[in-house]
Asker: 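Attaching a single structure in structure tokens format; questions to follow.
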Amino acid sequence: MEYDFKEIEARWQKYWAENHVFKAVEDKSKPKYYVLDMFPYPSGAGLHVGHPLGYIASDIYSRYKRLCGFNVLHPMGYDAFGLPAEQYAIQTGQHPEKTTTGNINRYRGQLDRIGFSYDWDREVRTCDPAYYKWTQWAFLKMFGSWYNPETDKAEPIETLVAKFKAEGKWDGLSEKEQSDLLMQYRIAYQGETAVNWCPALGTVLANDEVKEGYSVRGGHPVEQKKMKQWQLRVSAYAERLLRGLDDLDWTDSLKDMQKNWIGKSRGCEMVFQVENGDRKYDVTIFTTRADTVFGVTFLVLAPESEWVEKLTSPEQKAAVEEYLVQAKKKTERERLAETRKVTGVFSGSYATNPLTGDKVPVWISEYVLAGYGTGAIMAVPAHDGRDYAFAKAFNLPIIPLIEGCDVSEQSFDAKDGIMCNSGFLNGLTVKEAIPAAIKYVEDHGLGHAKVNYRLRDAIFSRQRYWGEPFPIYYKDGIPMPVDEKDLPLTLPEIDEFKPTETGEPPLARAKDWTYKGYPLETSTMPGFAGSSAYYLRYMDPQNDKALVSREADEYWRNVDLYIGGTEHATGHLIYSRFWNKFLYDLGYVAEQEPFRKLINQGMIQGRSNFVYRIIGTNTFVSYGLKDKYETTQIHVNVNIVHNDRLDLEAFRNWMPDYKDAEFILENGEYVCGWAIEKMSKSMFNVVNPDMICDTYGADTLRLYEMFLGPLEQSKPWDTKGIDGVNRFLKRLWRLFYERDNFIVTDEKATPAELKTLHKLIGKVQADTEAFSFNTTVAAFMIAMNELVEEDCHKREILEPLVIMLSIYCPHICEELYHALGHDTSVTYAEFPEYVEAYTVENNCTYPVQFNGKMRFTVDLPKSAAPAEVEKVIREMPQTSKYVGDGAIVKVIVVPGKIVNIVVKQ
RNA sequence: GCGCGGGUGGCGGAAUGGUAGACGCGCUAGUUUCAGGAGCUAGUGGGGUAAAACCUGUGUGAGUUCGAGUCUCAUCUCGCGCACCA
């Protein structure tokens, strides 16, 4: 009987589905384990071989945990709202729901072939009204809540109203005024800010959706624009999001990314009095270097700062306005490109240094950001590189404040040295001077210590169709929440998916888009809305009374292992944590943090192949000979290349242009060049998992993806290496079958066979728990080589082997497990127990004393020549003069030969 | 500029401070087969030898150690993230 993977895989996949083998049911008698993949956006291109990498890893771990006796929750779903389906809809008129459903079905088909152990009964789709009901529900909760700084958590807005009433600030306000007041406190609020506007997409974008001035999706230019938008008060959670990282089992690099994004900085706000003619204003600045206040030689305002208008003198008005116009015209991209170019304009007014009484000019410059701190800074050119560049460009004074520093060429930014020219701070180190200066400022009522965060509130509106509608309507212009009982507020049908002629979002096209006779909000929610709490929904996906029931939530709690790409570090992974903390504050979920352990799988890159066409001909020259000709390098479809050898016939048939291609061969073959590039259609290097499943089977695919290298590393896909793991499975099969005969016996295993097995058990256990899947696969191969060598066909060895291997190759192992006489799925088997005694059985440990003080333990195989060992021990005192009392000496011996002496304290 | 990871054969990659290159691909030779993008056996870092011995070897340079791919410092280089955040 041959290893017929196609038949085997199809049969067991059907069996698993029909018997709901992977169904997760709350079971308080078992410990839970929640393994989650970042659910995919179902794009039109389908899966390539890089996508399932993380899914395979999480599946292996899920199956491992099941064998270890855990009740495993391992669900899957789709992040189904999003721009590409909508862009496609605009071009073709095809409803996004239709394309999305089509893509989901295609994804499901591809996923099913790989043999994942998902509980598909728990599938969620973010575009399903039964699902986005709870996205809208969470939004309503955020709209109806505020962040109470005293209790340091979110609370219902009613507690704030009560507070206002008690303070006499509420009664007497009009309905509009009350709404406006509360809007400044709500967790989900509407506010006017500078947003990333993408004209090509016709929508605003969040900070993490923009990269280097272009939209992440589509790569269209993005500009800054002031607009009224829905926002989430993520910034209120900055400190908790930062502190929460400490308890998480995430990589340091990912934590650093989040820390960086949150951007906490401790400093001090200080008030400078500014005179514009005879009018006086108090301008507050933010600085982390309060100690340098004696070196302030000017102030700088952000161009968008509200102070600009008030502090511009009549004489400078024209110049300032000219500058503002110039600054506004620039796109975000141009600003970035001119990062080091210094621009600015004098406002005409002067500020008084609160410590020295000196008068310094107030300038306006782009290098100060309106959105951070107070939008105004005190400039200390001697000790800040940016201020220095500005001072040099506009010829402003530079006062050094640290003994012995040289500021003739560049500023001295380091935070060390002794202060000088600084009044009462003279003689202190910088590290002493900072708190001393802040204390002085506070004591004299000139300002106060202040912590700032770079984390901004999340822009939550999108001017698009294919997203969750906001459950908000406008009563005489006042935003009002839709009643909870009327959720979900489903997306209306519209005839076209473009914005309206007047530039309104597509929802404005909907007929009767009203609630209680009032107009509804026409924006929709962004992509991250639906993905922020999906892990909670999996716990209780059919519940129509709550996002998740208390019972389900208290059993599953949070995700124990989350696997996904690093691209979500500052988007989804921040928003989800925020969302979860908010729900925690209101008592809806049991855990503060959603994802306990997180692993970022690396990208699988493509391996492109090239052919070399001699210029002006249709002749292609083999790689080794190409330097003798003038050639152009052309991408060739990797699927018609094997081991870098071109299939000439397939090449001629590939494209009409190559029908009559001629070849210059080396050794009778056409050798292609190659390079590692991103896997993409345009480079003809996309490898489809379906194709691998057809040729080699899902078990081989799973094994090979893990074997490629460490999970977290990026690595190239190279189909040619797959033969090795495929061979491994064929050899496994041959341990069970010889032709049509089942050859497994009940014979007792030999010590050598037991050693092979238990070495493997130990390695599989340790490496799987450490997520080192590539070395685990290698361990299986080593064991296989030994078993083939030993010609072992014994149940005692093969059964535990099959159980362990089933986490990697479930289909073939299910088949073999049943062949061994079992009638339940291998999923319900137990992970074999590791017995150390079997693996050290061949070694001897000799404790040795020297001079009655030292003890040597000599650990060596039996086969080592005793005379040789004795000699070493005798000679040791001479060769090991460094050995102290109580040291343990270990002699490492390979058969017959002493290799090294180890000393351990 | 700041922060975080990496540099090991022809390739992907292994190595609790202790035989560097596991395992796999590729390659070489042999063998088997009607055939194969098939199976089996042996070899495979470089130099050296008939074969051994031997020499050399983990980006570069120092250091710690009886012993360093691994630890420390410096340096070069690649990748990623943030980026006028005061």
Side-chain angles (χ1 to χ4, degrees), chain A residues 211-212 251-261 263-265 267-268 285-290 292 300 302 335-336 338-342 365-369 371-380 383-387 389-390 413 452-456 566-567 569-570 600 602-603 607 642-645 647 674 676 695-696 703-704 707-710 712-728 730-731 734 766 772 774-785 788 876 879-883 890-895 897-904:
Chain A
K211 214 173 159 182
E212 285 167 9
T251 59
D252 286 338
S253 78
L254 194 74
K255 285 187 187 182
D256 284 340
M257 262 190 240
Q258 289 214 342
K259 281 180 192 164
N260 213 315
W261 190 260
K264 180 176 185 172
S265 81
C268 168
I285 60 89
F286 175 74
T287 180
T288 54
R289 291 292 302 273
T292 59
V300 189
R335 278 207 197 191
L336 283 165
E338 299 172 6
T339 283
R340 300 289 161 212
K341 201 166 153 193
V342 180
S365 173
E366 275 181 331
Y367 86 85
V368 174
L369 305 175
Y372 184 76
T374 60
I377 63 153
M378 64 178 206
V380 187
H383 301 290
D384 182 286
R386 295 152 298 177
D387 297 346
F390 195 83
D413 291 11
N452 263 324
Y453 299 91
R454 203 148 66 201
L455 184 70
R456 312 289 164 81
T566 182
E567 67 272 19
T570 52
N600 291 123
M603 292 245 286
R607 188 179 188 278
H642 306 286
N643 290 348
D644 290 336
R645 306 297 190 275
D647 180 335
W674 61 272
I676 303 301
T695 322
Y696 298 96
L703 206 55
Y704 187 54
F707 185 64
L708 274 178
E712 301 184 65
Q713 228 169 70
S714 287
K715 57 241 161 190
W717 176 269
D718 186 357
T719 303
K720 77 183 178 194
I722 204 167
D723 289 326
V725 294
N726 189 235
R727 212 166 280 157
F728 163 82
K730 287 183 190 161
R731 297 173 98 195
R734 271 186 258 133
S772 178
N774 56 327
T775 55
T776 313
V777 177
F780 276 117
M781 291 181 171
I782 294 167
M784 180 62 56
N785 289 344
V788 168
M876 212 170 331
T879 57
S880 35
K881 53 186 186 296
Y882 48 87
V883 175
K890 209 174 180 185
V891 183
I892 293 176
V893 180
V894 292
K897 181 180 163 196
I898 286 86
V899 169
N900 228 326
I901 301 161
V902 183
V903 181
K904 293 225 164 103

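To find a chain, count down the sequence lines: A is the first, B the second, and so on, and within it residues start at 1.
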Asker: Do any side-chain nitrogens or oxygens of Gln713(A) fall under 4.0 Å of OP1 or OP2 in rG13(B)?
Answerer: yes
Asker: Under 4.0 Å between a side-chain N/O of Tyr367(A) and OP1 or OP2 of rA86(B), yes or no?
Answerer: no
Asker: What's the CD-C1' distance between Glu712(A) and rC4(B), to the nearest Å?
Answerer: 13 Å
Asker: Separation of Leu369(A) atom CG from rC84(B) atom P, in whole Å?
Answerer: 6 Å
Asker: Rounded to whole Å, how long is the line connecting atom NZ of Lys715(A) with atom C1' of rG13(B)?
Answerer: 11 Å
Asker: Taking ring-ring contact (aromatic ring centres under 6.0 Å, His included) as the definition, give me every residue that meets it alongside Trp261(A), ordered by chain and number, with sequence neighbours left out.
Answerer: none
Asker: If every non-hydrogen atom of Ile676(A) is compared with every non-hydrogen atom of Pro716(A), which pair is closest and at what distance?
Answerer: CD1-CB, 3.2 Å
Asker: Applying side-chain contact (heavy atoms from CB on, under 4.5 Å), name anything that partners Asn452(A), two or more places apart in sequence or on another chain.
Answerer: Ser265(A), Phe286(A), Tyr372(A), Lys450(A)
Asker: Please check if the side chain of Lys715(A) supplies one atom and the backbone of Pro710(A) the other of a donor-acceptor pair under 3.5 Å.
Answerer: yes
Asker: Does the protein touch nucleotides 20-27 of chain B at the base, only the backbone, or not at all? Give it as B, S and - per nucleotide, heavy atoms under 4.0 Å.
Answerer: --BBSSS-
Asker: Applying side-chain hydrogen bond (donor to acceptor under 3.5 Å, both in side chains), name anything that partners Arg727(A), two or more places apart in sequence or on another chain.
Answerer: none
Asker: State, yes or no, whether a side-chain contact exists between Val725(A) and Met781(A) at a heavy-atom distance under 4.5 Å.
Answerer: yes
Asker: Could you list the residues that satisfy side-chain contact (heavy atoms from CB on, under 4.5 Å) with Glu712(A), not counting sequence neighbours?
Answerer: Thr251(A), Ile599(A)
Asker: Considering residues at least two apart in sequence or located in another chain, which fulfil the ring-ring contact (aromatic ring centres under 6.0 Å, His included) criterion with Phe390(A)?
Answerer: Phe298(A), Trp363(A), Tyr367(A), Phe394(A)
Asker: Only counting residues at least two apart or in another chain, list the ones meeting ring-ring contact (aromatic ring centres under 6.0 Å, His included) with Phe707(A).
Answerer: none
Asker: Apply the syn/anti split at 90° from 0 to rG30(B) and say which one it is.
Answerer: anti
Asker: For nucleotides 77-80 of chain B, print each protein N/O atom paired with a nucleotide N/O atom at under 3.5 Å, atom names and distance only.
Answerer:
none

Asker: Would you indicate what Ser365(A) reaches in the nucleic acid, counting non-hydrogen atoms under 4.0 angstrom: base, sugar-phosphate, or nothing?
Answerer: nothing
Asker: Could you give me the stems involving RNA chain B, meaning stretches of three or more consecutive Watson-Crick or G-U wobble pairs whose two defining distances are both below 3.5 Å?
Answerer: B:1-7 with B:76-82, B:10-12 with B:23-25, B:26-31 with B:39-44, B:45-47 with B:54-56, B:59-63 with B:71-75
Asker: Is any side-chain nitrogen or oxygen of Ser253(A) closer than 4.0 Å to OP1 or OP2 of rG3(B)?
Answerer: no
Asker: How far, in whole Å, is rG21(B) from rA53(B) if one measures between their P atoms?
Answerer: 15 Å
Asker: Under the salt bridge (Lys or Arg N to Asp or Glu O under 4.0 Å) test, which residues partner Arg607(A), sequence neighbours left out?
Answerer: Asp644(A), Asp718(A)
Asker: Look at all strands and tell whether Phe390(A) reaches a base, only sugar-phosphate, or nothing, counting heavy atoms closer than 4.0 Å.
Answerer: nothing
Asker: Nearest-Å distance, NZ (Lys259(A)) to P (rC82(B))?
Answerer: 17 Å
Asker: Kindly write out the residues that satisfy ring-ring contact (aromatic ring centres under 6.0 Å, His included) with Phe728(A), not counting sequence neighbours, or none if the list is empty.
Answerer: none
Asker: Write down the distance between CG (Asp252(A)) and P (rG6(B)), rounded to a whole number of angstrom.
Answerer: 11 Å
Asker: Tell me which of Thr570(A) and Tyr453(A) sits closer to the 5' end of RNA chain B, going by the nucleotide each one is nearest to.
Answerer: Thr570(A)
Asker: Given atom CD of Gln258(A) and atom C1' of rG81(B), what is their separation to the nearest angstrom?
Answerer: 12 Å
Asker: Could you pull out all residues at least two apart from Ser714(A) that satisfy side-chain contact (heavy atoms from CB on, under 4.5 Å)?
Answerer: Met603(A), Gln605(A)
Asker: Can you tell me how far P of rG5(B) sits from CG of Leu254(A), to the nearest Å?
Answerer: 13 Å
Asker: Calculate the interatomic distance between Phe286(A) atom CZ and rC84(B) atom P; express it in whole Å.
Answerer: 16 Å
